[in-house]
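Computed from heavy atoms alone, side chains included, the values below leave out hydrogens, waters and symmetry copies. None of these values were measured; they are calculated from a predicted model.
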Amino acid sequence: MVIGRRGVLGGVAAGALALPAIGRAQGTGVKIGLVAVQTGPQAALGTQLRDGFLQGLKHLDGKLGGLAAEVVHIDDELRPEVAVTKVRAALERDKVDFVVGVVFSNILAAIMRPVTEANTFLISTNAGPSTFAGRGCNPFFFTTSYNNDQVHSVMGQAATDSKYGRVFVMTPNYQAGRDAVAGFKSRFKGEVVDEVYVPLTQLDFSAELARIAAARPDAIFTFMPGGLGVNLVRQYRQAGLAHIPFLSTFTVDEATLPAQQDAALGFYSAASWAPNMDNAPNRRFVTDFEAGTGYVPATYAAQSYDGAMLLDSAIRRVGGKLGDKDALRTALRAADFKSVRGNFKFGANHYPVQDFWLCQVAKRADGKFQTETVRKVLENDTDPWAAECRMR
């Protein structure tokens, strides 16, 4: 459902962060189309993304760059054709100034052309496909997350550092899954003993777990977001395979840990952020996010919070003049805000240059689960496609 001019939180599901009721007079406000899947088993990821952005607006008193902010909520339903229809409506009917969000890369790929051809800035706060990082880079596209290849390469480096010689690889069969495998292989120096791709809707992994048991790898590497990750982790533990190190990206995180719980303890992930990062913006974000939602934020939320802070800094820098696209682009490139992850700046392709960490699932004293940093793997890392981007 697309939420129109009924206010910032019109139609939002219960549990979202509350914001002051604010309106948008012509020429005095800014309207955001916030794309976040809210349908099906992947809705937990979209909820994280949505609530992270709304937490940013709450910290900014409901304004971006001093302008009253209104949010048009767009549930892409994890269906590209639905996403295109709803985003077009947000652009043409609701006249949004920015499109923000997007969990999955196939949704981002579907809406990229409609948004950018309308000379509207698209700020991805999660999806970061390689297709838009190199020759496909776009002057109207920025991401506050990562390049898909990049974050998976961190786990490839971590596996190499741990001297794992034989690794079993398994991901979903779509662009982000293929990017994950490419990223892992780019830094892994050992042998990939098997490379398995499963449907994005798969929930039963018994056949794949039997293959892992038979292969007897030194470790497995997997990228299974949302409901896929919940089921895989549970079944992995139940199958008695937990003695094989579980290396993952976006499989054990704060969006899935409430369902995985003890089954995920000790499992590893790679990320540019974790809730226990000790800096002032992050401490404030995590504390207030948990107080407002009752759950622990994941990277989806943290990156979206940074997305709100990025927009605030850029709009403030241009004095609220949203029509000056060149000046606004320059202001976005400056990334003049304090990120919850510490080091952050944009590369030439509008993808972040940042640090990456090996993280591990832990159980807190209050009984909640979160990922915690183990060690820094890459510092001020630029994604591998940036050199192919011809933007200047």
### Summary
For Ala83 and Ile107 the tightest heavy-atom approach is CB-CG2, 3.7 Å
### Task
Verify salt bridge (Lys or Arg N to Asp or Glu O under 4.0 Å) between Asp326 and Arg329, making sure each step is shown before the conclusion.
CA-CA 5 Å; Asp326 290 339; Arg329 182 179 302 108; 3.0 Å; yes
### Query
Does a donor on one side chain sit under 3.5 Å from an acceptor on the other, for Asp306 and Ser339?
yes
### Task
Please say which of Trp385, Trp273, Phe250 ends up in a ring-ring contact (aromatic ring centres under 6.0 Å, His included) with Tyr146.
Phe250
### Task
Please name all residues satisfying ring pair (Phe, Tyr, Trp, His ring centres under 6.0 Å) with Phe267, sequence neighbours left out, ordered by chain then number.
Tyr236, Phe246
### Query
Hey, does Ile315 have a side-chain heavy atom less than 4.5 Å from the side chain of Val30?
yes
### Query
What about Phe221 and Phe188, are their ring centers closer than 6.0 Å?
no
### Query
Do we see a donor-acceptor contact under 3.5 Å between the side chains of Gln38 and Arg50?
yes
#### Entry: Pair Val84-Val82, side-chain contact (heavy atoms from CB on, under 4.5 Å): steps then yes or no
CA-CA 5 Å; Val84 169; Val82 169; over 6 Å; no
## Note on the structure
Across all chains, not counting sequence neighbours, the ring pair (Phe, Tyr, Trp, His ring centres under 6.0 Å) partners of Phe356 are none
### Query
What's the verdict on side-chain contact (heavy atoms from CB on, under 4.5 Å) for Leu322 and Phe98, showing C-alpha distance, side-chain angles and the deciding distance?
CA-CA 10 Å; Leu322 303 181; Phe98 299 90; 4.2 Å; yes
### Query
Can you find a side-chain donor-acceptor pair between Asp204 and Asn231 that sits under 3.5 Å?
no
### Message
Looking at Lys86 and Asp76, is there a salt bridge between them, counting it only when a charged N and a carboxylate O are closer than 4.0 Å?
### Response
no
## Note on the structure
Nearest heavy-atom approach of Asn276 to Asn282 is C-ND2, 4.5 Å
### Query
Hey, are Lys185 and Glu195 close enough for a salt bridge, meaning a charged N less than 4.0 Å from a carboxylate O?
yes
### Task
Would you mind checking if Asp312 and Lys338 are paired as a salt bridge, meaning a charged N to carboxylate O distance below 4.0 Å?
no
### Message
With a 6.0 Å cut-off (strictly less than), is the heavy-atom count around NZ of Lys321, excluding the residue itself, greater than 12?
### Response
no
### Check: Asp51/Gln55 side-chain N/O donor and acceptor closer than 3.5 Å
no
### Query
Are Phe223 and His152 near enough that their ring centres are under 6.0 Å apart?
yes
#### Entry: Ionic contact status for Asp336 with Arg317, cut-off 4.0 Å
yes
### Message
If you define the side chain from C-beta out and look only at heavy atoms, does anything of Phe289 sit under 4.5 Å from Gln48?
### Response
yes
### Query
Looking at side-chain heavy atoms only, is the closest gap between Thr371 and Pro275 below 4.5 Å?
yes
### Query
Going by atom types only, do Ser130 and Asp179 share a side-chain donor-acceptor pair under 3.5 Å?
yes
### Query
Is Ser153 reaching over with its side chain to a backbone N or O of Gly156, donor-acceptor style, under 3.5 angstrom?
no
### Query
Would you find a donor on one side and an acceptor on the other, under 3.5 Å apart, between the side chain of Thr171 and the backbone of Gly177?
yes
#### Entry: With sequence neighbours excluded, residues passing salt bridge (charged side-chain N to carboxylate O under 4.0 Å, His left out) with Arg113
Glu117
### Test side-chain hydrogen bond (donor to acceptor under 3.5 Å, both in side chains) applied to Glu379 and Gln354, step by step
CA-CA 6 Å; Glu379 187 168 7; Gln354 59 191 322; over 6 Å; no
### Query
In terms of side-chain heavy atoms, does Arg234 have a donor or acceptor partner in Gln260 at a distance below 3.5 Å?
no
### Query
Salt bridge between Arg166 and Asp218, side-chain N to carboxylate O under 4.0 Å?
no
### Message
Closer than 4.0 angstrom, basic N to acidic O: yes or no for Arg283 and Asp278?
### Response
yes
### Query
Crowded around Arg375 CZ? As in, over 12 foreign heavy atoms under 6.0 Å?
yes
#### Entry: Cluster link Leu247 to Leu232, ILVMFWY, side chain under 4.5 Å
no
### Message
Check whether Thr251 reaches the backbone of Met224 with its side chain - one donor and one acceptor, N or O, closer than 3.5 Å.
### Response
yes
### Query
What distance separates Met155 CE from Tyr164 OH, expressed to the nearest 0.5 Å?
9.5 Å
### Task
Please determine, by modelled atom types, if Ser105 and Asn148 share a side-chain donor-acceptor pair under 3.5 angstrom.
yes
### Task
Please work out which of the three classes, parallel, tilted or perpendicular, describes the rings of Phe346 and His350, given edges at 30° and 60°.
perpendicular
### Query
Does Tyr300 have its ring centroid less than 6.0 Å away from the ring centroid of Tyr305?
no
### Task
Could you tell me whether Glu290 and Arg364 make a salt bridge, using a distance below 4.0 angstrom between a side-chain N and a carboxylate O?
yes
## Note on the structure
dist Thr144:OG1 -> Arg341:CZ (nearest 0.5 Å) comes out at 6.0 Å
### Task
Only one of Thr116, Ile123, Leu122, Ile32 passes side chain to side chain contact (heavy atoms under 4.5 Å, CB included) with Val99; say which it is.
Leu122
### Query
Do any N or O atoms from the side chain of Thr125 and from the backbone of Ser304 form a donor-acceptor pair under 3.5 angstrom?
no
### Task
Taking the six-membered ring for Trp and the single ring otherwise, decide whether the centroids of Phe344 and Phe337 are under 6.0 Å apart.
yes
